[in-house]
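Below: one structure, written as structure tokens.
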Amino acid sequence: FSTDSYVVDPIFFPGGDIGELAVNGTINDLAMCGAQPICLSAALIIEEGFSMEELARVVASMKRAAERAGTIVATGDTKVVERGKGDKLFITTTGLGIIHERMNIAPSNATAGDRIILSGKIAAHGIAIMSVREGLEFESKILSDTAPLNGLVALMGEDAAHVHVLRDPTRGGVASVLNEIAQSSHVGISILEKAIPVAPEVNMACELLGFDPLYVANEGKLLAFVAPEKTDHILKRIQEHPLGRDAAVIGEVTQNHLGLVVMKTLVGGTRIIDMLSGEQLPRIC
């Protein structure tokens, strides 16, 4: 059972909108508990003056997103606030799901020797939002990666006992999630910079804007900590899914540097990857 609120600005962005994001976000919160969704509810806080055409567009997007995830928005509510008392549209979604009987995942379950699988290229969502806010145009259009992850998690069902941790690296990005897991499990985490998938256009945009892709938000990626003997099998299953084609093993859990995330850089050095301090991009979801 999970609930979350969405206040993304702008509400329409390359690759998605606030409605799709709200549905996918709650679907993914359930999925990161090992659950498949049964149904969702939605509450919309609408600012006076918001156009009916845009509202209809958002609601239709929510319907499509729920259908893609194999579920429904079963109930909901709307409230209108005076002009100037809100910012166009805020959405709260709540989801109910059933956890796979063999799934036992939590940030404290990482074990020395676990391999870390990242399901695809990172940082697209945060950069897509920022490009709209700043009026930036790149040679290749950068789209948000917002997507439901329950299908990917379902593929791990037969190997559920070998999946120790699942997390989606949203706010704070991959770096912050890895730090949370390292601290919760009292383990060290080692990752390889060359193994982390980042699209060239996203990497270029991050350099231009002064962002580290490891700290930029994602809305359609997951990190899976899996037993070493099952890594190749689980990775192959993930890569067979449309959302996992670029999945890669980016590191492992160690008994060294407990509570810290250390990255081997492209030039062969090592760098400590700290927790994000503050929020790099406000109203990203």
Side-chain angles (χ1 to χ4, degrees), residues 2 27-37 69-70 97-122 145 147-170 173-198 214 218-264 273:
S2 181
I27 293 292
N28 294 346
D29 287 344
L30 293 172
M32 294 306 100
C33 297
Q36 291 299 317
I98 296 178
I99 297 176
H100 190 286
E101 61 182 3
R102 297 174 63 199
M103 281 280 184
N104 179 23
I105 52 178
S108 58
N109 285 354
T111 303
D114 281 354
R115 302 299 191 265
I116 305 166
I117 297 175
L118 175 60
S119 66
K121 296 175 181 176
I122 63 171
D145 64 340
L149 295 171
N150 59 307
L152 273 181
V153 174
L155 290 177
M156 303 180 199
E158 67 180 50
D159 301 298
H162 302 280
V163 179
H164 300 154
V165 182
L166 285 175
R167 284 292 303 276
D168 55 336
T170 53
V174 169
S176 294
V177 167
L178 291 178
N179 270 280
E180 290 170 2
I181 294 169
Q183 293 165 18
S184 295
S185 296
H186 307 292
V187 295
I189 291 177
S190 296
I191 58 175
L192 298 171
E193 185 175 13
K194 67 179 181 181
I196 298 170
V198 186
L214 285 172
N218 310 273
E219 290 292 344
K221 300 294 180 294
L222 64 77
L223 287 160
F225 285 59
V226 301
E229 65 273 16
K230 282 290 185 176
T231 299
D232 290 343
H233 174 70
I234 293 174
L235 178 62
K236 184 179 179 181
R237 294 294 305 275
I238 291 174
Q239 290 172 335
E240 290 171 351
H241 191 281
L243 295 178
R245 289 171 181 157
D246 298 311
V249 177
I250 65 166
E252 63 180 335
V253 178
T254 79
Q255 293 181 321
N256 303 320
H257 49 80
L258 301 183
L260 296 177
V261 179
V262 174
M263 181 172 74
K264 186 173 182 180
I273 305 298

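All of these numbers come straight from a predicted model, not from anything done at the bench.
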How long is the straight-line distance from [atom2] of [Y] back to [atom1] of [X], given to the nearest 0.5 Å?
X      : Y      : atom1 : atom2 : answer
Leu214 : Ile196 : CG    : CD1   : 4.5 Å
Asp168 : Met32  : CG    : CE    : 5.5 Å
Leu149 : Leu222 : CG    : CG    : 5.0 Å
Ser190 : Ile273 : OG    : CD1   : 11.0 Å
Leu260 : Gln183 : CG    : CD    : 8.0 Å
Ile117 : Lys230 : CD1   : NZ    : 12.0 Å

Checklist entry - Between Leu223, Leu178, Asn218, which is the residue that forms a side chain to side chain contact (heavy atoms under 4.5 Å, CB included) with Leu118? => result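 Considering Leu223, Leu178, Asn218, a side chain to side chain contact (heavy atoms under 4.5 Å, CB included) with Leu118 is found only for Leu223.
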
Next on the checklist: Under the side chain to side chain contact (heavy atoms under 4.5 Å, CB included) test against Ile122, which residue among Asp145, Val174, Ile250 passes?
Outcome noted: Val174

Item to check | Closest approach of Asn109 to Thr111 (non-hydrogen atoms, all atoms of both residues) | outcome: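 Between these two residues, the closest heavy atoms are O-OG1, 3.2 Å.
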
Next on the checklist: Give me the atom names and distance for the closest heavy-atom approach of Gly120 to Pro197.
Outcome noted: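 Shortest heavy-atom contact: O-CG, 3.3 Å.
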
Do [X] and [Y] make a side-chain contact, defined as non-hydrogen atoms from C-beta onward lying under 4.5 Å apart?
X      : Y      : answer
Leu155 : Glu240 : no
Asn150 : Leu30  : no
Thr170 : Glu219 : yes
Val187 : Asp114 : no
Arg115 : Glu252 : yes
Val249 : Asp232 : no

Checklist entry - Side chains of His241 and Ser119: do they bring a donor and an acceptor to under 3.5 Å? => result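 No donor-acceptor contact under 3.5 Å links the two side chains.
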
Checklist outcome for this item: Of His233, Arg102, His100, the one forming a side chain to side chain donor-acceptor pair (under 3.5 Å) with Glu158 is His233

Item to check | CA sep, side-chain torsions, deciding dist, call: Val262, Thr254, side-chain contact (heavy atoms from CB on, under 4.5 Å) | outcome: CA-CA 10 Å; Val262 174; Thr254 79; over 6 Å; no

Checklist entry - What residues, two or more places apart in sequence or in another chain, satisfy side chain to side chain contact (heavy atoms under 4.5 Å, CB included) together with Ala227? => result His162, His164, Glu229

Next on the checklist: Tell me if the CD1 atom of Ile98 is crowded by more than 12 foreign heavy atoms within 6.0 Å.
Outcome noted: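 Open.
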
Checklist entry - Going through the distances and angles, do Met156 and Val226 end up as a side-chain contact (heavy atoms from CB on, under 4.5 Å)? => result CA-CA 10 Å; Met156 303 180 199; Val226 301; 5.6 Å; no

